[in-house]
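Since the model is a prediction, treat every value here as computed from it, not as a measurement. Computed over heavy atoms, backbone and side chain alike; hydrogens, waters and symmetry mates excluded. All residue numbers in this chain count up from 1 along the given sequence.
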Amino acid sequence: MSKTTQSGSEPPTDPADDPRSNYDYQSSEVEEPELVDDLEAIVEGEVRFDTYSRNLYATDASAYHQLPIGVVIPTSVSDVQAVMEYCAEHSIPVLPRGGGTSLAGQTVNEAVVLDFKKQLDGIVDVDPDGETVTAQPGITLARLNNHLKQHGLKYAPDPAWGDKSVLGGCIGNNTTGAHSLKYEKADGYVEEVEVVLADGTVTTFGWMDIEALHERADSVGEDAGIEERVYAVVSDILRNKTDEIETRYPDLTRNVSGYNFDKLLQDVKARGEVNVGRLLAGSEGTLGIITEATVSLEPIPEETSVVLLTYDDVISAMRDVAPILEHDPAAVEVMDDILLDLARDTAEFSKLVGTLPEGTDSTLLVEFYADSIEEGKQKVADLLSDRLPGYGAAGEPSEDGIRTDDAIQAVDALEAYDDDRKAKFWKMRKSGLPILLSRTGDDKHWPFVEDTAVPAENLPEYVADIQELFDEYDTFASYYAHAGPGVLHIRPLLNLKSDDGVEQMLEISDAITDLVIEYGGSVSGEHGDGRARTTWNKKLYGEEIWQSFRELKAAFDPQGLLNPGNVSGDFDPTENLRYDTDYEFDAGFDPDMNWDNENGFQGMAELCHGCAGCTGHQDTTGSVMCPTYRATENEEITATRGRANMLRRAMSGDLPEDVFSDEFIHEVMDLCIGCKGCKRDCPSGVDMAKLKTEIKHEYHQREGIPFRDRLFANVETLYRLGSTFAPLSNAAMKLPGTGLFMEKAMGIARERDLPTFKRNTLKKWDSGRTPAVSAAEADRKALVIADPYTNYTQPEVGKAAVRTLEAAGVHVEIPDDVTDSGRPAHSKCMLDASRATARANVDALAPRVEDGWDVVSVEPSDSVMYQNDYLDLLSGPDVEAVAENAYSVMQYIDTFRLDEALETATKEELSYHGHCHQTASSRDHHAVGVLRRAGYNIDVLDTTCCGMAGSFGYEAEHYSMSKAIGRLLFDAVEDSPAEEVTAPGTSCRSQLAGTDRIEGKPPHPIEKLETALQ
């Protein structure tokens, strides 16, 4: 097949390059214009010192916030070198930044930020035989591993956010992950790094014989450059600090606090060589700027097996970790009662949690690597034979299996060997965190002591002491994550907007540092030092090692310009907090919709934790969120995180611009296409679509509603007129110059084909016929809504819905008094209009729902409007009844298994693109299930929004963005083995129509179901 393209000229790769676009991802207010001019003259990449960019890069996933000087997006090593040389000459700090996923604040600083994720994200070379790969720092770990999969290899460190975090950040943070029992940390995989030093020098650090290092160090003169001074300091450390390193560094595989002198020492002992490049792992950008890295790889394991052990309390689970480690697992993950309770309350995991023994308080998920399923079962059986005697394991234990002497702690177990079940176990382990992060009140779970680590044998006493400490401060936290290597994710609940909360944060950090030292641990086992923990490194390591840290920093960075203050600095962990006692929030208006969360609109506007869950790519993260970010490839302002941070900053008075200014609306709000993906896919559940609707509604109240918005909002009237005057109305739209006139006069993109109106509407067809199934003989009664699109432009879809439902034994009527759901007005943020429509529809439908009727929509966005959005607009039992009894047509058939009454026969292959609103509300699976039972072989496309988003794709200024999003869908269709695609959304089918792969609009799933009827 040829590449799927839309007919007509292709829009620019960057939508902002379209001259019609009214956005460029920046604000017009620029800081330090002379500095901008200087940098633009020496780099090919972008230089952004505008107010928006500075605020976008002022936060990461931590509790901190600090405005950078500006942002540079380099396109080459030469760009990085030029920036560093200039900044060194003018004593300007520089901060290299990856995905901005840091939890300790290490990518927040007053510096010139170098954003590597947008441009320097390629693979340079793969050596499968040598099991190494060379790549640029901005490539995500997921894309890196996708490329390596063909060779049966992977980059082993596997942080949970590997589809958002990047290689440079992974090395800079010395990242690891759930499988560190096998793979340890990033420093062990660094073979060679290309580095821009603090004076702009470009050099390479790799393996060097230890004697060669000492000889080189001995020849260093007073005028030596940075690289030679670094060798001298490293040589001195390895000659004179060995005993102190062995004494002060904790005996842990998961220590990432401070500079990793211990790794250098291990390498020298193991191979008589030293790799200075490995010092950059965990350096958080304070020693040099990595522009290319060669890292070693690991074979992908053939098989994995998983067992979930259950316990009466978390301390019992902690007691079992050390003996479980004797069985050489690949991972041991803990979930406590808080997370289990959260998982129990979710539809996805309630059934699985329900299979656990009554009284289960905590679980340990244990995974093994194996060469075969049989070996995996045997490893699980050996573990269970030791830790849960009498349990009937699926496999047979080996005769020489390990038997420990520790007391039995586990109560029961669940095994998993097939991919789906294993994936469900792992997903459940991660399920509670989003709800932990979903608190919209002032009290939040903050990550300042989240990843402390202690030896596994000390976990029971350590956790008991932490619980006692939290009781003293009247707070609590969940205990979850990597129990095997002794790393527990602990987020105390605190209000950092209060003096008491900030003081408690400092006191808890200090007390837990003391506990960590007492139990032989580290203040950071995974997420680094940053602003949160740098201050505790001196207490952890002692004065001598601390001074060596500072000497190394001075050798690498004589002026202290590289991410100053981190690792060996003097940060106060309570300064530069995102929320503090001076923080004030003022929305500047009274929200119009129902907000049933704590703190209402403000709580939602402050909900984003900056975790970067919205910054994954379509090919590695999938699902819906965030379409504009995925289309623009790493434009921070187009992600939910970017919009949420900008909104919060504006409404807390920290952004000089009014949130209701034209520029803020165009750059920040209008590029949210209302797909609703963030409501589900964001780990915190930030509902940006709803926030945008409130903001734009208030903007309309202040500035008036443009004519085009009124036109798009009043689709029912517009389409009725088009239908009344068809075919003349259709012919008029095809006259030469009509498209250009529509664009000039109303801002409707000239490239878009307008709808073709039908004179014989769905209602006219229905008015002259008798329902095939009477109310008396039917088990169910359905009101099929004749929405404007179905009624006036595609009545064939409505007819298919009616005929199919009747074939399934449903009594069907099409009501005359309900047409438009209010979705068009709602999507244009015209809440007065959408509420009036919702009220009229609820008044008409509620009595019939009470009488046993179901409300069925052909258009998926309408069904979600009834089910969800009406509850935002109205209150009371009537709207709740309508919402509860509203369905999309395929959801209706699936929910009540109406297709069991249908005789179907087909073996066709179809690719299926779900509507973003249904996908985001977890209702997209219904059509797939029905079509598969009908006999279709369905390839479910893992796609985001189609890009049309109602009227968005028709708007001239948004046409190129719409097409850029659409290209993600076109590529998925092209890659599908199916020859035909089906999609329930009118907008989706319009976007797909006219491509090389598809002739005309694709069919609605209900049409394909009708086709399959015998």
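Here the CD1-OG distance, from Ile673 to Ser951, works out to 11.5 Å after rounding to the nearest 0.5 Å. The structure places CD1 of Ile814 at 3.5 Å from CG of Asp766, a figure rounded to the nearest 0.5 Å. Note that the CG atom of Asn885 and the CD atom of Glu880 stand 12.0 Å from one another [nearest 0.5 Å]. Taking CG from Leu1009 and NE2 from His1004, the interatomic distance works out to 11.0 Å, rounded to the nearest 0.5 Å. Rounded to the nearest 0.5 angstrom, Arg933 CZ and Arg897 CZ are separated by 4.0 Å. The distance from atom NZ of Lys351 to atom OG1 of Thr355, rounded to the nearest 0.5 Å, is 9.5 Å.
A donor-acceptor pair is defined here as one N or O able to donate and one able to accept, closer than 3.5 Å; no such pair exists between the side chain of Glu806 and the backbone of Ala801. In this structure, the side chain of Arg630 engages the main chain of Met625 through a donor-acceptor pair within 3.5 Å. The main-chain N or O of Gly722 is found under 3.5 Å from a side-chain atom of Ser729 such that the two form a donor-acceptor pair. Although no hydrogens or angles enter the test, the distance criterion places a donor-acceptor pair under 3.5 Å between the side chain of Lys763 and the main chain of Asp816. In this structure, the side chain of Ser962 does not engage the main chain of His958 through any donor-acceptor pair within 3.5 Å. Checked by atom type and distance alone, the side chain of Thr717 never pairs as donor or acceptor with a backbone atom of Asn714 at under 3.5 Å. Without hydrogens or angle criteria, Gln867 side chain to Ala886 main chain gives a donor-acceptor distance under 3.5 Å. Within the 3.5 Å criterion, the main-chain N or O of Cys988 finds no donor-acceptor partner in the side chain of Gln991. Looking at Thr790, its side chain never comes within 3.5 Å of a backbone N or O of Ala786 through a donor-acceptor pair. With Tyr866 contributing its side chain and Asn841 its backbone, the two residues share no donor-acceptor pair below 3.5 Å.
A salt bridge is absent between Arg421 and Asp418: the closest approach of a Lys/Arg side-chain nitrogen to an acidic carboxylate oxygen does not fall below 4.0 angstrom. Under the 4.0 Å criterion applied to side-chain N and carboxylate O atoms, Glu908 and Arg932 are not assigned as salt-bridge partners. Glu1007 has no carboxylate O lying under 4.0 Å from a charged side-chain N of Lys1001, or vice versa, which leaves the two without a salt bridge. Residues Lys692 and Asp687 are not paired through a salt bridge, judged by the lack of any N-O separation under 4.0 Å between the basic side chain and the carboxylate.
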> Can you check side-chain contact (heavy atoms from CB on, under 4.5 Å) on Asp924 and His915, steps first, answer last?
Replying inline: CA-CA 7 Å; Asp924 58 311; His915 192 280; over 6 Å; no

>> Could you go through Arg344 and Phe349, starting from their C-alpha distance and side-chain angles, then the distance that decides it, and tell me whether this counts as side-chain contact (heavy atoms from CB on, under 4.5 Å)?
In response: CA-CA 6 Å; Arg344 187 176 286 109; Phe349 300 108; over 6 Å; no

>> If you apply the rule side-chain contact (heavy atoms from CB on, under 4.5 Å), what do you find for Ser921 with Arg680, and how did you get there?
In response: CA-CA 7 Å; Ser921 57; Arg680 185 191 74 166; over 6 Å; no

> What do the steps show when you test Asp843 against Arg839 for salt bridge (charged side-chain N to carboxylate O under 4.0 Å, His left out), and what is the final call?
Replying inline: CA-CA 6 Å; Asp843 288 346; Arg839 171 53 62 199; 3.6 Å; yes

>> Go through it in stages, so that I can follow the logic: the residues are Tyr912 and Val981, the test is side-chain contact (heavy atoms from CB on, under 4.5 Å), and I'd like the CA-CA distance, side-chain angles, deciding distance and then a yes or no.
In response: CA-CA 6 Å; Tyr912 173 79; Val981 62; over 6 Å; no

> Are Lys781 and Asp854 close enough, and set up right, to give a salt bridge (charged side-chain N to carboxylate O under 4.0 Å, His left out), and what steps lead you there?
Replying inline: CA-CA 6 Å; Lys781 301 183 295 182; Asp854 303 311; over 6 Å; no

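By the 4.5 Å heavy-atom criterion applied to side chains, Lys1008 and Tyr936 are counted as neighbours. Side-chain contact check for Thr693 versus Leu831: some heavy-atom pair is nearer than 4.5 Å. The closest side-chain heavy-atom distance from Val810 to Tyr892 is below 4.5 Å. Annotation: side chain of Leu873 is in contact with side chain of Met865 (closest heavy-atom distance under 4.5 Å). Counting heavy atoms from C-beta outward, Val812 and Val773 have side chains that stay 4.5 Å or more apart. Proximity of Val797 to Ile1006: side-chain heavy atoms (C-beta onward) are separated by under 4.5 Å at one or more points. Counting heavy atoms from C-beta on, the side chains of Thr986 and Glu859 come closer than 4.5 Å. Residues Thr621 and Lys164 are in side-chain contact: their nearest non-hydrogen atoms beyond the backbone lie under 4.5 Å apart.
Taking the ring centroids of Tyr959 and Tyr954, they lie at or beyond the 6.0 Å cut-off.
Scanning all heavy atoms of the two residues, the minimum distance from Ser861 to His917 falls at CB-ND1, 3.7 Å. Shown here for Thr944 and His913, the closest heavy-atom pair between the two residues is O-CE1, 3.2 Å. Here the shortest heavy-atom pairing between Arg429 and Leu339 reads O-CD1, 4.3 Å. Summarising the geometry of Val353 relative to Ala343, their closest heavy-atom pair is CG2-CB, 3.9 Å, with the distance given to 0.1 Å. Shortest non-hydrogen contact noted between Thr982 and Pro1003 is OG1-O, 2.8 Å. Considering all non-hydrogen atoms of both residues, Asp820 and Pro824 come closest at OD1-CD, 3.2 Å.
Only one option out of Asp869, Asp787, Asp862 pairs with Arg823 in a salt bridge (charged side-chain N to carboxylate O under 4.0 Å, His left out); it is Asp869.
Judged by the 6.0 Å distance and 45° axis criteria, Lys758 is not positioned over the aromatic ring of Trp765. Both tests hold for Arg780 against Phe896: distance to the six-membered ring centre under 6.0 Å, angle to the ring axis within 45°.
No side-chain donor from either of Glu303 and Tyr417 sits under 3.5 Å from a side-chain acceptor of the other. Between the side chains of Asn594 and Ser875, a donor-acceptor pair is found at a separation under 3.5 Å. A donor-acceptor pair shorter than 3.5 Å cannot be found between the side chains of Asn730 and Thr756. A donor atom on one side chain and an acceptor atom on the other are not found under 3.5 Å apart for Thr761 and Ser723. Gln618 and Arg967 share no donor-acceptor pair across their side chains, judged by distance under 3.5 Å alone.
Counting non-hydrogen atoms of neighbouring residues, nucleotides and ligands closer than 6.0 angstrom, the NZ atom of Lys427 reaches no more than 12 such neighbours. More than 12 heavy atoms of other residues, nucleotides or ligands sit less than 6.0 Å from atom CD of Glu777. The environment of CD in Glu850 is sparse: at most 12 heavy-atom neighbours from other residues, nucleotides or ligands sit within 6.0 Å.
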